[in-house]
2 protein chains.
Amino acid sequence: MTSTESLLSALRQDGFRITPQREMIVAAIADSDGHTTADDVLARVRTKTQALNLATVYRTLELLVGEGLISRADLGEGRIVYATAGHGQHLHLVCRRCGRVIEADPDLLEPMRVQIALQHGFQPDVSHVPIFGLCSDCAPGGSD
Amino acid sequence: MTSTESLLSALRQDGFRITPQREMIVAAIADSDGHTTADDVLARVRTKTQALNLATVYRTLELLVGEGLISRADLGEGRIVYATAGHGQHLHLVCRRCGRVIEADPDLLEPMRVQIALQHGFQPDVSHVPIFGLCSDCAPGGSD
DNA sequence: TTTACTGCAAATAATTTGCAAAACT
DNA sequence: AGTTTTGCAAATTATTTGCAGTAAA
């Protein structure tokens with residue numbers, strides 16, 4: 001079963017209706033390799049049909065996040081990205097200067113996650129963690 | 001020398017003018033225990049005088065961040081907080097559900113920071129790191 | 001048939017910007 | 001005096017919302 005199908009059936013099970021718009025939105029999220037924005041979802045769907053409004057994208061994204069079916073990461077500067085929950089963990093290194101987003105090994109978060117859970121009873125959303133800073137190209141005093 | 005004074009002299013050294021507005025804004029940031037928003041800065045200053053416009057707050061905050069004199073952290077949902085750079089490191093645990101922000105030991109970041117630097121040449125802004133998730137009160141299946 | 005969902009357009013809200021007046025150096 | 005900075009108000013951008021029509025179940 002594709003991830004699109006499982007997301008849709010989860011929605012249906014929770015009593016929500018499956019509309020063409022929702023199908024297309026979910027497919028667009030699943031298609032993206034795991035990082036989409038509201039705008040991007042609209043653009044992807046619009047390559048196929050005009051039958052989708054941005055407001056609907058927002059509403060559907062909100063619905064999916066609320067149902068825990070997709071995760072949401074705030075990369076700063078209004079950049080909010082979504083990914084299917086089954087897509088695995090992400091550690092995004094977001095460059096404050098050039099805006100570049102680098103993927104790092106999410107296992108690096110494990111020790112910290114465990115300690116935070118132990119010390120504060122806080123459950124970090126390790127599925128999608130943004131870390132801000134400067135990439136090698138933008139860092140001052142770098143070796144380049 | 002207070003941190004307010006050092007920030008102002010740094011500004012002056014870089015060729016910027018010291019205005020009453022900038023003095024008040026810098027003092028407000030230093031006064032706050034290290035976490036302020038643009039709105040909060042305006043409110044703090046407004047308790048003393050009306051001679052300050054929100055646009056000026058934004059411009060000054062941007063200036064200070066650009067000069068590296070204060071750090072800026074995006075806590076999501078439009079919550080952007082500022083802190084004086086000399087205020088030490090912060091690890092914010094931001095609850096996605098209730099919005100609570102818990103302070104954690106920034107040393108927890110060290111191992112990850114080192115690995116990220118080694119593996120990607122990326123320099124995380126460890127002065128102010130937000131981690132999103134669910135606090136003990138909001139986490140499902142918690143022990144409460 | 002019933003009620004949820006969608007599209008449209010207007011409403012929000014936070015931040016940014018142009019420009020003339022005011023003020024730092 | 002000369003240039004930067006400020007205040008004001010309008011512009012911008014992303015997101016949200018009301019409402020009436022459309023469609024899933």
Novice: Picking from dT6(D), dC5(C), dT15(D), which would you name as closest to the side chain of Y58(A)?
Specialist: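 So the side chain of Y58(A) is nearest to dT15(D).
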Novice: Please enumerate all residues that pass ring pair (Phe, Tyr, Trp, His ring centres under 6.0 Å) together with H120(A), with sequence neighbours excluded.
Specialist: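 H120(A) satisfies ring pair (Phe, Tyr, Trp, His ring centres under 6.0 Å) with no residue once adjacent residues are dropped.
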Novice: Tell me: CG of N53(A) to C1' of dG21(D), nearest whole Å?
Specialist: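 Value for this atom pair: 14 Å.
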Novice: In whole Å, I'd like the distance from the CD1 atom of I80(A) to the P atom of dT13(D).
Specialist: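 Distance check: I80(A) CD1 to dT13(D) P gives 17 Å.
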Novice: Let me check something: any side-chain donor-acceptor pairs from residues 56-67 of chain A under 3.5 Å, sequence neighbours excluded? List them with distances.
Specialist:
| unit_1 | atom_1 | unit_2 | atom_2 | d |
| --- | --- | --- | --- | --- |
| T60(A) | OG1 | T56(A) | O | 2.8 |

Novice: Could you tell me the separation between the CZ atom of R79(A) and the P atom of dT13(D), rounded to a whole number of Å?
Specialist: 16 Å
Novice: In whole angstrom, what separates D39(B)'s CG from dT16(C)'s P?
Specialist: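 Rounding to the nearest Å, CG of D39(B) and P of dT16(C) are 13 Å apart.
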Novice: Who else is in L134(B)'s hydrophobic cluster (ILVMFWY, side-chain heavy atoms under 4.5 Å, direct or via others)?
Specialist: none
Novice: To the nearest Å, how far apart are E23(B) CD and dT6(D) C1'?
Specialist: 15 Å
Novice: Return the value, rounded to whole Å, for the distance between atom CZ of R22(A) and atom C1' of dA25(D).
Specialist: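 Spelled out: CZ on R22(A) to C1' on dA25(D) is 13 Å.
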Novice: Which sits closer to the 5' end of DNA chain C, A38(B) or L54(A), going by the nucleotide each is nearest to?
Specialist: L54(A)
Novice: According to a 4.5 Å side-chain heavy-atom criterion applied to Ile, Leu, Val, Met, Phe, Trp and Tyr, with indirect links allowed, do V114(B) and L93(A) form part of one hydrophobic cluster?
Specialist: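 No, V114(B) does not connect to L93(A) through the hydrophobic network.
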Novice: Can you run down the salt bridge (Lys or Arg N to Asp or Glu O under 4.0 Å) pairs that involve residues 45-54 of chain A, sequence neighbours left out, and say none if there aren't any?
Specialist: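 Counting only pairs at least two positions apart or across chains, no salt bridge (Lys or Arg N to Asp or Glu O under 4.0 Å) contact touches residues 45-54 of chain A.
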Novice: For a quick check, with a 4.0 angstrom heavy-atom cut-off, what is the B/S/- contact string for nucleotides 18-25 of chain C, read 5' to 3'?
Specialist: B----BBS
Novice: Quickly work out the L52(A) CG to dT22(D) P distance and round it to whole Å.
Specialist: 18 Å
Novice: Take the protein atom CG of L11(A) and the nucleotide atom P of dA4(C), then report the distance between them rounded to whole Å.
Specialist: 15 Å
Novice: Give me each pair satisfying salt bridge (Lys or Arg N to Asp or Glu O under 4.0 Å) with a member in residues 105-124 of chain A, each pair once, sequence neighbours excluded.
Specialist: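 Non-adjacent pairs meeting salt bridge (Lys or Arg N to Asp or Glu O under 4.0 Å): E110(A)-R113(A).
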